[in-house]
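Heads up, the thing below is written out as structure tokens.
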Amino acid sequence: MEVGPRRFRARVLSAAIATLVFGSGFLYWSYGECLSAFFHFDDFWVLGRAAQIASDERASFLSIFVPVHGFLLYRPLSTIGYFLGIRLAFGNDPFWYHLVQMALQSVNASLVCLLAARVLRSPFVGLVVGLTYLTTPGLAIASCWPALCTVTAPTLFGLLALITWTSPSPVIRITLTPWWFAGALASSEHGVVLPLVLLLATVLIPTAARGRADIVTLGLLCALSAAYAGYKVYYLRFGVVADFPDPIVRGVMLQGYTPEFSLAVFLRGIGTYVAYAFSPALFLVQQTAFTKLWAGVGLLVALATTLVAFLRTRERRTHFGIAAFGGAWFVVSLLPVIFLPQHVASYYVAMGAPGVSLCIIGGATGLHVPRQMAALVLLGISLIGHWQGRNIILESDEFQFFRNFTHAAERWTRSVAELQLRPHVTEVVVPDSYLAQLVFAQGEVTKSLLCSQIQVRVARDIDLVPEQPGRVILREPFWYPRDPQARSRWLPRRCP
């Protein structure tokens, strides 16, 4: 039975709130151990820059848009802006950084619910799709690592853009969607594919924008996206040398960014990322390249089938259009990384993972399977896949590196914090390593987290550093047991 527009909107909002509440509990059950973790890897250079802005009385909001590493990692909203906001609100405790990052995943799930409920005309199905999104294996490390707001934020802005683009109001479509696109681009270069996703929605989803003003707006967004992508390619070819003149440093920064344009790489990439986007398919991660290639072929065949059904049927055209949009959305969202076989990471599926659920439910309803039944089956197999694959995720190389690096970084930082309490200690010398460079040189944790003026120097050959008054040569950090439930309460809450 059809309900009125106002009642339908109220039900959709209730479903989105339920997704937010249940999703938060689900994420805590799945990855709650991350809340007690220390900072990780790229977090440190962002922490250092955010601390500089916070302590500079002349700084303004525009300071977050000043490039730090040139245009290569220019993501001002999702890096410096994000960390600065958390720092000003909550201080130095890493618990709050992890909590906000995890909460953003729940917010994105509620937006997935809003979008799915609108295009599938069912708040219940929207709720199921939103919860299914949280079983995405690729969201695991993205829920735990604050620096991965570089994928979480463009996903948020992309979902907002799709919600406004499918709105029945032309004013909302034309005025809000460009702002969401700007937010996505300012969060990460992955936002460059958003106009193409909006174009797919325009063609395949009946409720999407199709007016003349909408087409003009979409054309402008596509032009801006092409200009951004063109400049990015130009920068990687010519501009990166000026920002990173040292060939060794430049090689490290560009490691994994060499594309390989071939059909085999594309198909293997699709097969790999399907496993990271859909928990029942997680087993594919551990399969051979040949198996992943054929998994990619299978997805593209399914996508082509839904497109043909969309073009040739009338009775179920809407459902097959939604299915085709979901599959195409997933594939298009991976274009920035799909040809980088040396740079595969699970979290890249965040932006397109909802498309897999839309593809499955849209295709099932197109085959006369009731929406609610298709949604419940989808949620059931996703939860089973998550239950069985959770240990695989938590024991993966990504999580092992996360645990080991955060624990080592915490030991080094806490050791320096303990030394600074000793009288007459003015300098600490530590051996050179990639971790030491990130934590002490780029992150400047003595200033950004310890609120101290003590100097930490990274020495290539620590055995050649002479002893002198006030200097402590720290060859290895003090030992602190790893406690998954302990928070870093030894850190100053805020810096004056």
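Excluded from the calculations below are hydrogen atoms, water molecules and symmetry mates; all remaining heavy atoms, backbone and side chain alike, are included.
Side chains of Glu189 and Tyr228 form a contact here, defined as non-hydrogen atoms less than 4.5 Å apart. Counting heavy atoms from C-beta on, the side chains of Val274 and Phe330 come closer than 4.5 Å. Side-chain contact between Ile270 and Val331 is present, with at least one heavy-atom pair separated by less than 4.5 Å. Within the 4.5 Å cutoff, no side-chain heavy atoms of Phe44 are placed close to those of Glu444. Between Leu176 and Trp165, the closest side-chain pair of non-hydrogen atoms is not below 4.5 Å. In this structure, the side chains of Val439 and Thr413 come closer than 4.5 Å at one or more pairs of heavy atoms. Contact of the Trp45 side chain with the Val68 side chain is registered, since non-hydrogen atoms from C-beta on lie closer than 4.5 Å. You'll find the side chain of Gln453 stays beyond 4.5 Å of the side chain of Gln420, heavy atoms only.
Here the straight-line distance linking atom SG of Cys222 with atom CG of Leu220 works out to 9.0 Å at 0.5 Å rounding. The distance from the CG atom of Leu127 to the CG atom of Leu379 is 8.0 Å, given to the nearest 0.5 Å. Expressed to the nearest 0.5 Å, how far CG of Leu148 lies from OG1 of Thr79 amounts to 12.0 Å. To the nearest 0.5 Å, atoms CG (Leu383) and CD (Gln388) are separated by 11.5 Å. Here the straight-line distance linking atom CD1 of Ile163 with atom CG of Leu111 works out to 4.5 Å at 0.5 Å rounding. A distance of 10.0 Å separates SG in Cys34 from CG in Leu27, rounded to the nearest 0.5 Å.
Around CG of Asp463, the count of heavy atoms belonging to other residues, nucleotides or ligands within 6.0 Å exceeds 12. With a 6.0 Å radius and a threshold of 12 heavy atoms from other residues, nucleotides or ligands, Gln468 has its CD atom above the threshold. More than 12 heavy atoms of other residues, nucleotides or ligands lie within 6.0 Å of NZ in Lys232, so this atom counts as buried by the packing criterion. Counting non-hydrogen atoms of other residues, nucleotides and ligands closer than 6.0 Å to CZ of Phe65 gives a total above 12. No more than 12 heavy atoms of other residues, nucleotides or ligands lie within 6.0 Å of CZ in Arg237, so this atom counts as exposed by the packing criterion. Open room surrounds CH2 on Trp179; 12 or fewer heavy atoms of other groups in view lie less than 6.0 Å from it. The 12-atom threshold is exceeded at CZ of Phe339, counting heavy atoms of other residues, nucleotides or ligands nearer than 6.0 Å. Taking a 6.0 Å sphere around CD of Gln455, one finds it holds 12 or fewer heavy atoms contributed by other residues, nucleotides or ligands.
Looking only at atom types and distance, the side chain of Thr164 has a donor-acceptor partner in the side chain of Thr177 under 3.5 Å away. Between the side chains of Ser24 and Ser106, at least one donor N or O sits under 3.5 Å from an acceptor N or O. Ser346 and Glu398 share a donor-acceptor pair across their side chains, judged by distance under 3.5 Å alone. Under the 3.5 Å distance criterion, with hydrogens and angles disregarded, a donor-acceptor pair is assigned to the side chains of Gln400 and Glu395. Looking only at atom types and distance, the side chain of Gln101 has a donor-acceptor partner in the side chain of Thr152 under 3.5 Å away. In summary, the side chains of His407 and Tyr480 do not present any donor paired with an acceptor at a separation below 3.5 Å, with no hydrogens or angles considered.
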Steps toward side-chain contact (heavy atoms from CB on, under 4.5 Å) verdict (Tyr133, Thr19): CA-CA 10 Å; Tyr133 174 71; Thr19 303; over 6 Å; no
Residue pair Tyr348, His190: steps toward the side-chain hydrogen bond (donor to acceptor under 3.5 Å, both in side chains) verdict: CA-CA 9 Å; Tyr348 287 136; His190 295 272; 4.8 Å; no
Check against salt bridge (charged side-chain N to carboxylate O under 4.0 Å, His left out), Arg403 and Glu33: CA-CA 10 Å; Arg403 292 191 189 96; Glu33 68 174 70; 3.1 Å; yes
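The backbone N or O of Ala147 sits less than 3.5 Å from a side-chain atom of Asp43, completing a donor-acceptor pair. Using a distance-only test at 3.5 Å, with no hydrogens or angles considered, no donor-acceptor pair links the side chain of Tyr74 to the main chain of Val66. Counting only distance, with no hydrogens or angles, the side chain of Arg75 and the backbone of Leu185 share no donor-acceptor pair below 3.5 Å.
Between Tyr231 and Tyr235, the two ring planes are tilted [angle within 30° to 60°].
In terms of heavy-atom proximity, Arg494 sits nearest to Gly91 at NH1-N, 3.8 Å. Nearest heavy-atom pair, Ser333 versus Gly352, reported as atom, atom and distance to 0.1 Å: OG-CA, 3.3 Å. In plain terms, the two heavy atoms of Ser187 and Ala153 that are nearest each other are OG-CB, 3.6 Å. Between Trp329 and Pro354, the shortest heavy-atom contact is CH2-CB, 3.6 Å. Of all the heavy atoms in Thr135 and Ser279, the pair that sits closest is O-CB, 3.6 Å. In this structure, Ala417 and Leu421 approach most closely via the heavy-atom pair O-CG, 3.5 Å.
Annotation: Phe41 is in aromatic contact with Phe401 [ring centroid separation under 6.0 Å]. Between Tyr234 and Phe238, the ring center distance clears the sub-6.0 Å criterion. Proximity of the aromatic rings of Trp387 and Trp29 is defined here by a centroid distance below 6.0 angstrom, and this criterion is met. For Phe181 and Phe157, the distance between ring centers is not under 6.0 angstrom.
Of the residues listed (Phe83, Phe90, Phe39), the one engaging Trp96 in a ring pair (Phe, Tyr, Trp, His ring centres under 6.0 Å) is Phe90, and it is the only one.
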